[in-house]
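Remember, predicted model here, so these are calculated numbers, not experimental data.
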Amino acid sequence: MKQPWWQERIVYQIYPRSFQDSNGDGIGDLRGIINRLDYLDALGVGVIWLSPVYRSPNVDNGYDISDYYDINPQLGTMADMDELIKKAAELDIRIIMDLVINHTSDQHVWFQQSRDPKSPYRDYYIWRPGKNGKPPNNWTSFFAEDCWVYDEKSGEYYLHLFAKEQPDLNYNNPKVLEEVKNILSFWLDKGISGFRCDVINILYKDSLADGRQRLILRGIEHYLSRPGTHEILQSLRRDVFSQYDCFTVGETVFVTPQMGRDLCDPEREELDMIFSFEHMETDQFIVKWFKRKFHPGRLAKAIDRWQRALDWNANYLENHDQPRSVSRFGNDGRFWSESAKLLATLLLTLRGTPFIYQGQEIGMTNFDFTSLGQVQDVESHNVYHLAKKLLIPGWYRWRMIQQTSRDNARTPMQWDGTANAGFSTGQPWLGVNNNFKRINVAEQIDRDDSILGFYRELIRLRASLDTLKSGQFQLLTAGRHVVAYARSLENEHLIIALNFSTRNRRIAYKGEVILASSGRTAIGDELLPYEAVILRSMNGRG
Ligand code: TEU
Ligand code: CA
């Protein structure tokens with residue numbers, strides 16, 4: 001059976017502020033992206049996911065939208081956006097946008113109006129009186145803050161599950177959904193091919209009752225994957241998405257396999273795929289701020305659970321919220337190149353659509369900031385202050401931010417070894433990693449044995465092998481050092497074996513070497529440190 005185009009293509013996520021600055025103001029922009037389209041084309045990218053480019057006061061770098069019908073002037077103009085869509089299409093690259101509809105910016109005209117209790121916009125947001133001088137309920141937010149803000153003028157509070165400048169929309173009001181549909185049609189009519197839907201499984205709050213006592217996100221049982229959210233998604237699909245050749249990928253926080261199956265079930269017609277989080281939580285205790293030692297087998301088992309749970313996954317190891325994968329699951333010291341290639345192999349040989357985050361393809365590492373003043377992210381600052389209030393010692397607070405801050409992934413793209421890594425001729429909005437002279441695109445682009453060269457090759461291989469594109473997945477080993485799995489289609493069986501350790505490791509699999517990250521064309525019974533191999537099994541199962 002022929003797969004839909006969004007299953008065959010590779011997606012590349014661009015965080016526009018950090019990708020390429022074209023006018024020297026230190027902020028990446030749309031024109032910068034246009035100038036780099038050839039680079040993405042040569043890499044084999046078929047879809048670009050643009051993190052938000054709408055008008056925004058940037059409290060959360062665009063995830064706080066103040067006008068859905070306009071472009072953030074820091075990033076360019078609507079004419080630039082039209083040009084980007086057109087030039088990308090000429091290269092057969094499709095563009096999906098970020099859809100942030102759980103909340104808006106507090107600068108959005110709807111919210112400004114809604115501050116007036118008599119305004120027809122009052123009901124676009126969730127306003128409630130307090131209880132005995134306290135907030136309406138005991139919920140807590142995603143960003144380590146209270147989630148209600150008191151408004152003197154009307155004597156009521158509004159709800160925000162993220163930063164206080166990101167008030168939640170009220171989906172009990174049918175007008176809100178109508179507005180969303182108009183926004184979607186506006187962009188789809190412009191030639192956009194779909195959306196990455198921000199925190200899409202928490203839209204509908206079916207009660208504002210107090211939440212059960214729990215360590216984080218008190219109140220979540222009242223808004224996580226509620227029936228009202230499923231109804232909203234079905235309505236968007238029926239009235240808008242089904243009218244276009246497009247796809248949706250939902251960012252679904254705290255999603256369970258059963259919730260995931262409901263959201264992606266083709267019969268229910270809601271979303272096409274989702275980003276789950278379980279594999280990203282295998283190196284933490286309870287919350288991402290408390291890291292534990294990385295264990296490859298745990299990662300593999302979490303991936304396996306989702307490979308089995310859903311027919312088709314949105315696969316990722318990085319995005320703008322996560323630390324760099326080579327620093328986290330690989331080895332960003334001696335085996336930097338080897339381990340980045342191993343992670344590339346993992347990402348591109350799972351069943352599902354692979355999402356590459358900018359810089360991942362050259363092995364960019366975590367941000368080397370040396371003071372909190374160099375960190376911009378609102379979440380990092382909130383968490384640091386909360387941790388201080390909770391009397392967590394200074395050295396540990398520092399470690400939390402260093403390991404987990406979202407700014408780890410947001411430093412400017414490292415294009416070459418010139419000033420500011422070729423990202424900007426001006427002062428970048430966020431520091432460039434000091435390793436840019438060693439780690440950059442120019443240094444790797446002409447070398448087939450570079451990380452970038454390896455991504456190119458893997459992407460080509462995936463495109464040419466139906467077994468990689470659509471074969472079934474089967475986990476074979478999830479050990480402390482070696483992870484292996486098979487992809488099978490009809491009579492072809494590929495075995496992917498990954499050595500997540502700094503020593504040679506024995507493997508029991510044999511076959512013709514299709515691709516080895518070390519460049520070897522034959523292997524015996526041992527993998528080299530951090531080596532990844534793709535074998536074609538001779539005897540069926542290997
Ligand atoms: O993120 C949702 C989310 O809950 C987490 O991934 C978040 O980054 C944090 O790690 C929770 O501890 C999405 C966007 O990807 C993120 O950039 C936005 O800040 C957030 O929604 C609000 O729009
Ligand atoms: Ca700029």
Side-chain angles (χ1 to χ4, degrees), residues 12-21 26-28 32 51 58-63 143-144 163 280 283-284 287-291 294 316-337 339-340 343 356-385 387 394-424 426-441 443-444 451-452:
Y12 186 93
Q13 183 193 352
I14 292 183
Y15 196 67
R17 291 178 80 73
S18 304
F19 190 61
Q20 175 71 73
D21 177 22
I27 299 172
S51 272
N58 283 322
V59 169
D60 191 16
N61 290 344
Y63 284 88
F143 281 177
M280 297 308 251
D283 63 345
Q284 72 183 36
V287 290
K288 64 180 184 177
W289 303 100
F290 302 114
K291 289 271 181 275
F294 169 61
Y316 73 100
L317 295 173
E318 286 186 24
N319 62 36
H320 64 293
D321 293 333
Q322 301 287 341
R324 289 291 183 178
S325 60
V326 70
S327 300
R328 181 179 181 186
F329 305 135
N331 175 312
D332 61 11
R334 178 160 166 224
F335 295 103
W336 164 71
S337 175
S339 64
L343 293 167
I356 299 172
Y357 177 68
Q358 67 182 44
Q360 183 177 354
E361 77 280 19
I362 55 167
M364 277 179 65
T365 62
N366 276 351
F367 191 11
D368 56 349
F369 57 91
T370 50
S371 79
L372 196 63
Q374 289 167 268
V375 174
Q376 305 268 348
D377 180 27
V378 54
E379 184 195 47
S380 299
H381 286 278
N382 286 353
V383 162
Y384 190 85
H385 290 117
W395 66 269
Y396 196 81
R397 285 202 306 270
W398 177 243
R399 194 160 103 188
M400 288 163 66
I401 303 301
Q402 238 180 0
Q403 289 179 328
T404 308
S405 171
R406 302 192 298 179
D407 279 357
N408 278 313
R410 298 178 179 182
T411 59
M413 178 73 183
Q414 293 164 206
W415 292 105
D416 57 41
T418 67
N420 302 322
F423 163 71
S424 174
Q427 179 68 32
W429 72 276
L430 184 67
V432 173
N433 195 308
N434 284 303
N435 63 22
F436 76 93
K437 289 217 158 78
R438 184 167 57 85
I439 302 179
N440 64 62
V441 171
E443 197 280 322
Q444 299 188 25
I451 299 168
L452 183 57

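- Between Arg328 and Asn408 the shortest side-chain heavy-atom distance does not fall below 4.5 Å.
- In this structure a side-chain-to-backbone donor-acceptor pair under 3.5 Å is missing from Gln322 to Asn319.
- Smallest separation of non-hydrogen atoms from Trp289 and Ile401: CZ3-CD1, 4.0 Å.
- Minimum heavy-atom separation, Leu343 to Gly330: CD1-N, 4.1 Å.
- Ring geometry, Trp415 versus Phe19: the interplanar angle exceeds 60°, so the pair is classed perpendicular (tilted spans 30 to 60°).
- Looking at Asp321 and Arg410, a side-chain N of the basic residue comes within less than 4.0 Å of a carboxylate O on the acidic one, giving a salt bridge.
- Remark: side-chain polar atoms of Asp21 are not paired, donor with acceptor, to backbone N or O of Phe423 under 3.5 angstrom.
- Here CD of Gln414 is found 12.0 Å from CD of Glu443. Values are rounded to the nearest 0.5 Å.
- Applying the ring pair (Phe, Tyr, Trp, His ring centres under 6.0 Å) criterion to Tyr357, with sequence neighbours excluded, gives no partner residue.
- Between Phe369 and Trp398, the ring planes are perpendicular. Angles over 60° get that label, and only those under 30° would be called parallel.
- When side chains are defined from C-beta on, Phe290 does not count as touching Gln284, because their heavy atoms never get closer than 4.5 Å.
- At distances below 3.5 Å, not a single donor-acceptor pair connects side-chain atoms of Glu318 with backbone N or O atoms of Gly359.
- Ile14 CD1 to Gln20 CD: the interatomic distance, rounded to the nearest 0.5 Å, is 10.5 Å.
- Scanning all heavy atoms of the two residues, the minimum distance from Ile451 to Ile362 falls at CD1-O, 3.8 Å.
- Side-chain atoms of Leu430 and Phe367, non-hydrogen and from C-beta on, do get closer than 4.5 Å to each other.
- Asp368 places a side-chain N or O within 3.5 Å of a backbone atom of Asn434 that can act as its donor or acceptor partner.
- Ser339 has its side chain out of reach of Phe329: every pair of non-hydrogen atoms, C-beta onward, lies at least 4.5 Å apart.
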**OP:** Determine, step by step, whether Leu372 and Arg397 satisfy the side-chain contact (heavy atoms from CB on, under 4.5 Å) criterion, reporting the C-alpha distance in whole Å, the side-chain angles of both residues, the deciding distance to 0.1 Å, and the verdict.
**Re:** CA-CA 10 Å; Leu372 196 63; Arg397 285 202 306 270; over 6 Å; no
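- If you check the side chains of Ser405 and Asp407, you find no donor sitting under 3.5 Å from an acceptor.
- Defined by atom type and a distance below 3.5 Å, a donor-acceptor pair is present between the side-chain atoms of Asn435 and Thr365.
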